[in-house]
Student: 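One structure is given below, represented as structure tokens, and several questions about it will come after.
Naming: A, B, ... by sequence-line order, numbering from 1 per chain.
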Amino acid sequence: MTVTAYSFTRLSLRIATSALAETVTAWYRANARDLPWRQPGATPWGVLVSEVMLQQTQVSRVEPAWRRWMERWPTPADLAADPPGEAIRAWDRLGYPRRALRLHACAGAIVERHDGEVPDDVDALLALPGIGMYTARAVAAFAFRQRHPVVDTNVRRVVARVVEGAADGGAATTPADLRAVEVLLPVDHEAAATASVAFMELGAVVCTARTPRCDDCPLTAVCAWRLAGSPPSAAPSRRIQRYHGTDRYVRGLIMAVLRAADDPVARDRLDAVWPDAEQRERALGGLLADGLVRERAGTFTLPG
DNA sequence: AATGCGTGGCA
DNA sequence: TTGCCAAGCAT
């Protein structure tokens, strides 16, 4: 291939991919859900809190919890000033309560390292408790309007279908995923940030995992998966872990008791949640090791 | 890199 | 009803 032809191909690619982002952004402007952390007045802290709550938890369940949380702890310093157990209690039934513990630790780290202000660069965000590759980039893009590939399960699925013609994306984000998304982003930072949330929104409400609404999709005419006849997933479905009766389930039972309690809880009240003593001990031991539960004189509480 | 980690909604 | 899946992270 000559240099000229190569350059031409690259240019065409750039034009095609840029049109993709523009199309999805236009769709987003007309169809975006009105979520409180997307409001102009939302603070970087509010965006960070929303992203942590949204880790593996649906928007419909997060929204009321987020409103209550932000009213009670409008800044990182407010949260850091309260005991971690209060964060766990306020987390209520969002699931994965270690996220609440880490969010509390995150608030403390922001106060200590960053003078109470959410940092605006990806590396500083990545160094905070509970903030990983996805959340760091999401905060940098959505709160600070920077240009970063923001790749979650929705974006992996959209790119897999539209660009690669596959039924679904990989289980976890790889460096290759970041590069694949980076080339789709507009050069302008503000436009890139909006395109990022637009790709996510498309995956969340149209290009869904089980029953995609292709008739409502702005990319249906150019979607490689659609054009290939929407072939089924090639990969074996990942093993789904059952829930009822697992250690995780028993941990949930114990945490529900402790969240509801105003005073230290005696062991026999925890023993009542589940008949299998061995499994109970394993679950309680895990919670103690995780710092989600404290023991004092044979009684149990959330961490003070 | 595979695994453990809550809870609920929906088809 | 039951199984899948949901804006992941840490180890």
Student: Short of 4.0 Å, heavy atom to strand atom, which residues of residues 257-267 of chain A count as contacting DNA chain B?
Tutor: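 Result for residues 257-267 of chain A: Arg259(A), sorted by number.
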Student: If you draw a 6.0 Å radius around CZ in Arg213(A), do more than 12 non-hydrogen atoms from other residues or ligands fall strictly inside?
Tutor: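 For Arg213(A), atom CZ is not crowded (no more than 12 foreign heavy atoms under 6.0 Å).
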Student: Verify salt bridge (charged side-chain N to carboxylate O under 4.0 Å, His left out) between Glu182(A) and Arg179(A), making sure each step is shown before the conclusion.
Tutor: CA-CA 5 Å; Glu182(A) 200 275 339; Arg179(A) 268 180 268 115; over 6 Å; no
Student: Does anything in residues 188-209 of chain A come within less than 4.0 Å of DNA chain B? Heavy atoms only, and list the residues if so.
Tutor: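 Heavy-atom contacts with DNA chain B come from no residue of residues 188-209 of chain A; none.
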Student: From C-beta outward on Leu35(A), which listed nucleotide comes closest to its side chain: dA7(C), dT7(B), dC5(B)?
Tutor: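 Nearest nucleotide to the side chain: dA7(C).
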Student: Please lay out, stage by stage, how Arg267(A) and Glu281(A) fare under the test salt bridge (charged side-chain N to carboxylate O under 4.0 Å, His left out).
Tutor: CA-CA 11 Å; Arg267(A) 178 177 285 273; Glu281(A) 289 313 304; 3.2 Å; yes
Student: Under 4.0 Å between a side-chain nitrogen and a carboxylate oxygen: does that hold for Arg98(A) and Asp290(A)?
Tutor: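 Here Arg98(A) pairs with Asp290(A) in a salt bridge, since their nearest N and O are under 4.0 Å apart.
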Student: For Trp91(A), which contact category applies under a 4.0 Å heavy-atom criterion: base, sugar-phosphate, or nothing?
Tutor: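 Here Trp91(A) touches no strand at all.
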Student: Flag yes if more than 12 heavy atoms outside Glu117(A) fall under 6.0 Å of its CD atom; otherwise flag no.
Tutor: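 At most 12 heavy atoms, drawn from other residues, nucleotides or ligands, come within 6.0 Å of this atom.
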Student: Any donor-acceptor pair under 3.5 Å between the side chain of Thr246(A) and the base of dG4(B)?
Tutor: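 No pair found.
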Student: For Arg72(A) and Glu86(A), run salt bridge (charged side-chain N to carboxylate O under 4.0 Å, His left out): C-alpha distance rounded to whole Å, both residues' side-chain angles, the deciding distance at 0.1 Å, then the answer.
Tutor: CA-CA 11 Å; Arg72(A) 180 169 180 185; Glu86(A) 283 306 296; 2.7 Å; yes
Student: Below the 4.0 Å mark, does dT7(B) have OP1 or OP2 next to a side-chain nitrogen or oxygen of Tyr249(A)?
Tutor: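 Indeed not, no polar side-chain atom of Tyr249(A) lies that close.
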Student: Mind checking if Val59(A) touches a base, just sugar-phosphate, or nothing, with heavy atoms under 4.0 Å?
Tutor: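 Since a base atom lies under 4.0 Å of Val59(A), the category is base.
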Student: Should the pair His244(A) and Tyr249(A) be assigned to parallel (<30°), tilted (30 to 60°) or perpendicular (>60°) ring geometry?
Tutor: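 Tilted: the ring planes of His244(A) and Tyr249(A) meet at 30° to 60°.
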Student: Without swapping roles, check the side chain of Trp45(A) against the backbone of Met70(A) for a donor-acceptor pair under 3.5 Å.
Tutor: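 Side chain of Trp45(A) to backbone of Met70(A), a donor-acceptor pair under 3.5 Å: no, none is there.
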Student: Clusters formed by hydrophobic residues whose side-chain heavy atoms approach within less than 4.5 Å: which one holds Val122(A), and what are its other members?
Tutor: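 Leu126(A), listed by chain and number.
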Student: Under the criterion side-chain contact (heavy atoms from CB on, under 4.5 Å), which of Thr299(A), Leu270(A), Ile254(A), Thr301(A) is the partner of Val265(A)?
Tutor: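 The option that passes is Leu270(A).
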Student: How would you label the contact of Ser50(A) with the nucleic acid (heavy atoms, under 4.0 Å): base, sugar-phosphate, or nothing?
Tutor: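 No contact at all - Ser50(A) keeps every heavy atom at 4.0 Å or more from the nucleic acid.
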Student: Which is it for Arg226(A) and Asp215(A) under the salt bridge (charged side-chain N to carboxylate O under 4.0 Å, His left out) test, yes or no, and what are the steps along the way?
Tutor: CA-CA 11 Å; Arg226(A) 185 80 167 157; Asp215(A) 290 344; 3.8 Å; yes
Student: Would you measure the distance from the P atom in dA7(C) across to the matching atom in dT3(B) and give it in whole Å?
Tutor: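 Going atom to atom, P in each nucleotide, I get 23 Å.
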Student: Can you tell me how far C1' in dA1(B) sits from the matching atom in dC9(C), rounded to whole Å?
Tutor: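 So the two C1' atoms sit 14 Å from each other.
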Student: Closer than 3.5 angstrom, by distance alone: can the side chain of Arg61(A) be matched with the main-chain N or O of Thr57(A) as a donor-acceptor pair?
Tutor: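 Absent.
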Student: For nucleotides 9-11 of chain C, list the nitrogen or oxygen atoms of the protein found under 3.5 Å from its nitrogen or oxygen atoms, one pair per line.
Tutor:
from	atom 1	to	atom 2	distance (Å)
dC9(C)	OP1	Gly132(A)	N	2.9
dC9(C)	OP1	Thr135(A)	N	3.0
dC9(C)	OP1	Thr135(A)	OG1	2.6
dC9(C)	OP2	Tyr134(A)	N	3.3
dA10(C)	OP1	Gly130(A)	N	2.7

Student: Check the interface with nucleotides 9-11 of chain B: list each N/O to N/O pair with the protein under 3.5 Å, or write none.
Tutor:
from	atom 1	to	atom 2	distance (Å)
dG9(B)	N2	Arg210(A)	NH2	3.2

Student: Check the pair Trp69(A), Trp91(A) against ring pair (Phe, Tyr, Trp, His ring centres under 6.0 Å), reporting the backbone distance first and the verdict last.
Tutor: CA-CA 8 Å; Trp69(A) 190 281; Trp91(A) 198 256; 5.7 Å; yes
Student: If the threshold is 4.0 Å, N to carboxylate O, is there a salt bridge linking Glu71(A) and Arg67(A)?
Tutor: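 No salt bridge links Glu71(A) with Arg67(A).
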Student: Applying a 4.0 Å non-hydrogen cut-off, can you work out what Arg38(A) is touching in the nucleic acid: base, sugar-phosphate, or nothing?
Tutor: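 Since a base atom lies under 4.0 Å of Arg38(A), the category is base.
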Student: Where the side chain of Arg248(A) is defined as all heavy atoms beyond and including C-beta, which of dG8(B), dG6(B), dA7(C) is the nearest nucleotide?
Tutor: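 Selected nucleotide (nearest to the side chain): dG6(B).
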Student: Among residues 65-73 of chain A, which contact DNA chain B at a heavy-atom distance under 4.0 Å?
Tutor: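 Those residues whose heavy atoms fall under 4.0 Å from DNA chain B, taken from residues 65-73 of chain A, amount to none.
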Student: Checking side-chain polar atoms at under 3.5 Å, does Arg29(A) have a donor or acceptor matched by the opposite partner on Thr194(A)?
Tutor: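 On atom types as modelled, these side chains do not qualify, holding no pair under 3.5 Å.
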Student: Check Pro119(A) against Ile110(A) and note the closest heavy-atom contact, atom names and distance.
Tutor: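 Closest heavy-atom pair between Pro119(A) and Ile110(A): CD-CG1, 4.4 Å.
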